[in-house]
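Please read the structure below before turning to the comments.
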Number of protein chains: 2
Amino acid sequence: MARRGSYAKGVAKREEILVRALEVIAREGYGGASVKQLAEAVGLSQAGLLHYFESKEELFTEILRKRDELDSESSGLDEATYSPASATVDDVRRGYVGVVRHNADVPGLVQLFARLSVDAADTEHPAHDFFLARNAQLREVFAATVSRQQAVGAIPDTVPPETIARIFQAVADGMQVQWMLEPDVDMAATVDALFDLLTGARPNGGARDGAAS
Amino acid sequence: MARRGSYAKGVAKREEILVRALEVIAREGYGGASVKQLAEAVGLSQAGLLHYFESKEELFTEILRKRDELDSESSGLDEATYSPASATVDDVRRGYVGVVRHNADVPGLVQLFARLSVDAADTEHPAHDFFLARNAQLREVFAATVSRQQAVGAIPDTVPPETIARIFQAVADGMQVQWMLEPDVDMAATVDALFDLLTGARPNGGARDGAAS
DNA sequence: GTCTATAACGGGATAGAC
DNA sequence: GTCTATCCCGTTATAGAC
């Protein structure tokens with residue numbers, strides 16, 4: 001892909017910037033930060049940072065994209081290995097709840113995500129297509145497993161898998177908003193409870209979190 | 001409450017401004033509008049508008065507050081009459097789904113609401129307490145009905161009513177985000193489907209919306 | 001490749017005329 | 001009570017030195 005050394009170096013630097021930005025935002029939070037603030041936190045001047053990105057909006061979009069990239073690497077699952085046909089409801093539950101629980105450790109990223117989610121409603125926003133694709137992809141794998149589990153009778157089939165996927169996505173997003181407003185709220189436990197409602201039962205021997213409210 | 005004529009007039013004008021602002025935003029949308037834009041849409045200069053409000057943030061917070069006020073009036077229910085002890089699951093379902101469906105008619109307000117929801121995570125934001133109180137109150141009446149219906153066996157009691165209320169609030173908020181991104185999504189139908197999951201059955205003879213996805 | 005400097009802009013808030 | 005005018009600030013984006 002990268003044909004010239006200088007170009008490849010630029011790309012590498014770009015990646016490095018994104019990783020650093022992720023660390024900073026996760027650790028120190030994101031309060032509608034300006035490019036300048038982020039630049040300094042990352043060890044560059046404002047102009048130096050924008051040298052690598054078209055605009056502020058594109059910069060922050062790329063940060064979220066990089067987050068996804070790192071998350072899917074660290075969890076050791078890419079699209080090929082994720083959600084095998086043998087996945088049970090409990091497998092999906094563990095994965096989904098785990099992701100949500102992890103989010104509580106990176107408040108700044110959650111805030112950036114939430115902010116960009118609403119800004120990206122504008123079709124012209126650089127993150128618009130990113131969110132469309134990301135959401136669709138997440139719902140897709142989720143719905144696929146739900147569908148198989150419905151066929152097996154582990155989940156009621158009164159609601160189509162795609163709709164169930166939308167509901168879970170909405171709960172994940174919506175709980176983030178509640179949690180930003182009230183940090184004591186247990187996002188993961190609440191999502192876990194939704195699985196209870198879905199299956200009509202507790203997970204097999206799964207340890208329970210504390211109360212959700 | 002209002003003791004002097006001039007003061008009462010100021011308050012009246014303030015109300016009038018808020019109502020006008022609501023109409024404009026509901027009709028023409030809200031694209032992160034500036035005070036100036038809103039002022040002109042409302043027939044005042046920027047300074048003239050700010051004469052009635054402490055700041056931009058307070059202004060937009062009051063707009064949402066007024067929205068709630070008008071909505072609860074127009075639906076003819078205040079806290080005293082709402083959610084009587086005799087309310088069935090279907091009553092709550094109809095009300096809740098109706099509210100969500102109504103939101104699809106006022107995209108600008110949904111966007112303003114979503115935007116302020118994330119800004120209000122900051123404890124210093126004027127809307128912070130507003131959202132805390134509003135959310136708590138909505139969940140409270142919802143949870144009360146859920147609790148009664150659990151006692152009657154109409155709803156599984158494996159999940160505490162407060163948690164169920166949080167889930168429904170999260171879905172309502174989260175579906176707004178999905179809908180802003182993809183206006184073809186049917187928010188109301190999806191929430192309706194969640195009621196299906198909750199009750200494990202279709203509403204009694206209730207007409208169904210189209211597919212949720 | 002990265003910086004300093006600055007342009008170009010728009011925002012919210014305020015002073016003061018009327 | 002409402003307007004015009006303006007201030008002052010922070011922002012993003014760009015130009016140009018090094």
Side-chain angles (χ1 to χ4, degrees), chain A residues 2-21 24-25 29-64 111-112 115-116 118-120 122 124-127, chain B residues 2-21 24-25 29-64 111-112 115-116 118-120 122 124-127:
Chain A
R3 299 180 53 207
R4 301 225 72 75
S6 61
Y7 177 68
K9 175 132 180 271
V11 168
K13 177 78 180 184
R14 213 178 116 114
E15 303 294 280
E16 185 199 320
I17 289 173
L18 292 176
V19 174
R20 292 265 281 282
V24 172
I25 293 175
Y30 165 83
S34 67
V35 174
K36 184 174 185 210
Q37 287 172 300
L38 181 58
E40 282 160 6
V42 142
L44 261 66
S45 72
Q46 183 246 18
L49 175 54
L50 275 188
H51 174 70
Y52 292 93
F53 301 90
E54 303 253 328
S55 68
K56 175 192 183 175
E57 289 180 338
E58 201 241 352
L59 164 59
F60 283 109
T61 303
E62 291 307 310
I63 290 176
L64 283 192
Q111 239 184 312
L112 174 59
R115 160 72 63 121
L116 238 56
V118 345
D119 290 355
D122 183 344
E124 300 304 305
H125 194 287
Chain B
R3 300 181 52 208
R4 301 224 73 76
S6 60
Y7 177 68
K9 176 133 180 271
V11 169
K13 176 76 180 187
R14 212 179 118 113
E15 304 293 280
E16 185 199 320
I17 289 172
L18 291 176
V19 174
R20 292 264 281 280
V24 172
I25 293 174
Y30 164 82
S34 68
V35 174
K36 185 173 184 210
Q37 287 172 301
L38 182 58
E40 281 160 7
V42 140
L44 261 66
S45 71
Q46 183 244 17
L49 174 54
L50 239 39
H51 174 70
Y52 292 93
F53 301 90
E54 303 253 328
S55 68
K56 177 194 183 175
E57 289 180 338
E58 200 241 353
L59 164 60
F60 283 108
T61 303
E62 291 307 310
I63 290 176
L64 282 192
Q111 237 184 312
L112 174 59
R115 160 72 63 118
L116 239 55
V118 345
D119 290 353
D122 183 345
E124 300 304 304
H125 195 287

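Letters A, B, ... are given to chains in the order of the sequence lines, protein chains preceding strands, and every chain is numbered from 1.
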Task: From CA spacing to verdict: side-chain contact (heavy atoms from CB on, under 4.5 Å), B:Ile63, B:Phe53 - done: CA-CA 11 Å; B:Ile63 290 176; B:Phe53 301 90; over 6 Å; no
Rounded to whole Å, how long is the line connecting atom [atom1] of [X] with atom [atom2] of [N]?
| X | N | atom1 | atom2 | answer |
| --- | --- | --- | --- | --- |
| B:Leu50 | C:dG12 | CG | P | 8 Å |
| B:Glu54 | C:dT14 | CD | P | 10 Å |
| A:Lys13 | C:dG1 | NZ | C1' | 9 Å |
| A:Glu57 | D:dT11 | CD | P | 16 Å |
| A:Glu58 | D:dT12 | CD | P | 14 Å |
| A:Lys36 | D:dT11 | NZ | P | 7 Å |
| B:Leu38 | C:dA13 | CG | P | 13 Å |
| A:His51 | D:dT12 | NE2 | C1' | 17 Å |

TODO: Output every pair passing side chain to side chain donor-acceptor pair (under 3.5 Å) with a member in residues 54-64 of chain B, not counting sequence neighbours, ordered by first then second residue.
DONE: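 Every side chain to side chain donor-acceptor pair (under 3.5 Å) pair that includes a residue of residues 54-64 of chain B, provided the two are not neighbours, is B:Glu62-B:Arg65.
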TODO: Name all residues meeting the side chain to side chain donor-acceptor pair (under 3.5 Å) criterion together with B:Arg14; count only those two or more places apart in sequence or in a different chain, and write none if there are none.
DONE: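 If we apply the side chain to side chain donor-acceptor pair (under 3.5 Å) test to B:Arg14, skipping adjacent residues, there are no hits.
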Distance-only donor-acceptor pairs under 3.5 Å for side chains of residues 39-46 of chain A, two or more places apart:
residue: A:Ser45; atom: OG; partner: A:Gly48; partner atom: N; Å: 3.0

Open item on the list: Set out, in order, the CA-CA distance, both residues' side-chain angles and the distance that settles side-chain contact (heavy atoms from CB on, under 4.5 Å) for B:Arg115 and B:Tyr30, then state yes or no.
Closed with: CA-CA 10 Å; B:Arg115 160 72 63 118; B:Tyr30 164 82; 4.1 Å; yes
TODO: Check whether any side-chain nitrogen or oxygen of B:Ser34 sits under 4.0 Å from OP1 or OP2 of C:dG11, and answer yes or no.
DONE: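 For C:dG11, OP1 or OP2 has a side-chain N or O of B:Ser34 closer than 4.0 Å.
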Close N or O pairs between protein and nucleotides 3-6 of chain C (under 3.5 Å):
residue: C:dC3; atom: OP2; partner: A:Ser45; partner atom: N; Å: 3.0
residue: C:dC3; atom: OP2; partner: A:Ser45; partner atom: OG; Å: 3.2

Task: Atom pair CD1 (A:Ile17) and CG (A:Leu59), whose distance is rounded to the nearest 0.5 Å - done: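 A:Ile17 atom CD1 to A:Leu59 atom CG measures 8.5 Å (nearest 0.5 Å).
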